[in-house]
Amino acid sequence: MIEDVIERAATEDDDAIEELSAIADTDPRRLAPHLGLLLDLEVLCPAKLYRAADADLVRRVIEQIDSGRTPDQLNDLLMILAHSAHPSAESAMRRWSTQPPAGSDELHVNALGYAHEGGWAVGADGRRRDLCGDTAYRWVMRETAPGADRPTCPWCASPLWVAADLDTTDAAIAAALAHTGWSGRLVIETCHFCACFTTLYSHVTPAGGTTWWAGNTRPGYLPDDDEPEDPPALAPVLGQALSSPYQVSAWDRGGSTLGGRPEWIQDAEHADCPGCGDPMDYVGLIGGADLDDYGEGAYYLHLHQPCGFAAVNYQQS
Ligand SMILES: [Zn+2]
Ligand SMILES: [Zn+2]
């Protein structure tokens, strides 16, 4: 039955691609026995279909890249390897980062940079790090009382928005944040308006402290004639546990999640930590559709516990 869907996907049938994507999000291993067929039929996108790729499939993709037969597919094939997160994919990507394969001149990042698409990275110390956790919860929006004297954004004067208020004394929250190493209360405060234009950083402490990072650099293209705007009167609270870390949507209502893996609207954008330069750990996603009836885009929350930095960035179509 999955074979039929794959045959249809090969004819660029959007419904079939959707169907396969839904399986990749709920139980990627169900696709594992069929990935060879998917590759044979050149259904390379979306690369997340290949999350459960095994050693054989990964070897085939590496051979295809090394052969130089399909330089125009290099981007898609690297995306597949990144999503597989397989150790052999990692070693090939390390090799290609110094010996670029055919087709590399068309790429915007080097081969190892693709790791971010699969939620992992090789740090400055040369060690591999997973940027995301495997435990995820739905994030449900609750109304918040308009706070008196909330701190305001130094750029646009809008009151800052508490995008997350978490405490690892709750075992569920501790599990969702386990990959970050955070222990204690975590408050991530940002400007809902300016975060749409650039990554905004804050210093955070395990006592729930949060302060705007003085090193945030105001982009020249930020509108400067707008009136201050109230942030969403909503904040995420813990909802149901999700059976897969991929059950997230940056587009649909009810898609906001704590933990798990992000769905990127554009290319992966794991923020770099201003303290150490390494990519930060992913905390969660708040979809615009959960904030507003006409909301779009998504806010992505990040944390680097060793340096005490949190970050929020935003993507839209
Ligand atoms: Zn602002
Ligand atoms: Zn850092």
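Both counts, for ligands and for their atoms, begin at 1 and track the order of listing. These numbers were taken from a predicted model, which means no experiment stands behind them.
- For the side-chain contact (heavy atoms from CB on, under 4.5 Å) test with His302, the passing option among Asn313, Val312, Asp281 is Asn313; the others fail.
- With the Zn ion (ligand 2) as the vertex, atom ND1 of His304 and atom SG of Cys273 span an angle of 110° (nearest 10 degrees).
- Ring centroid separation for the pair Trp120 and His270 does not come in under the 6.0 Å cut-off.
- The shortest distance between side-chain heavy atoms of Ser21 and Pro46 falls below 4.5 Å.
- Aromatic pair Trp161/Tyr299: ring centres closer than 6.0 Å.
- Inclusion of His192 in the first shell of the Zn ion (ligand 1) is not supported: no N, O or S atom falls under 2.8 Å.
- Centred on the Zn ion (ligand 1), the SG atom of Cys191 and the SG atom of Cys194 lie at an angle of 110°, reported to 10°.
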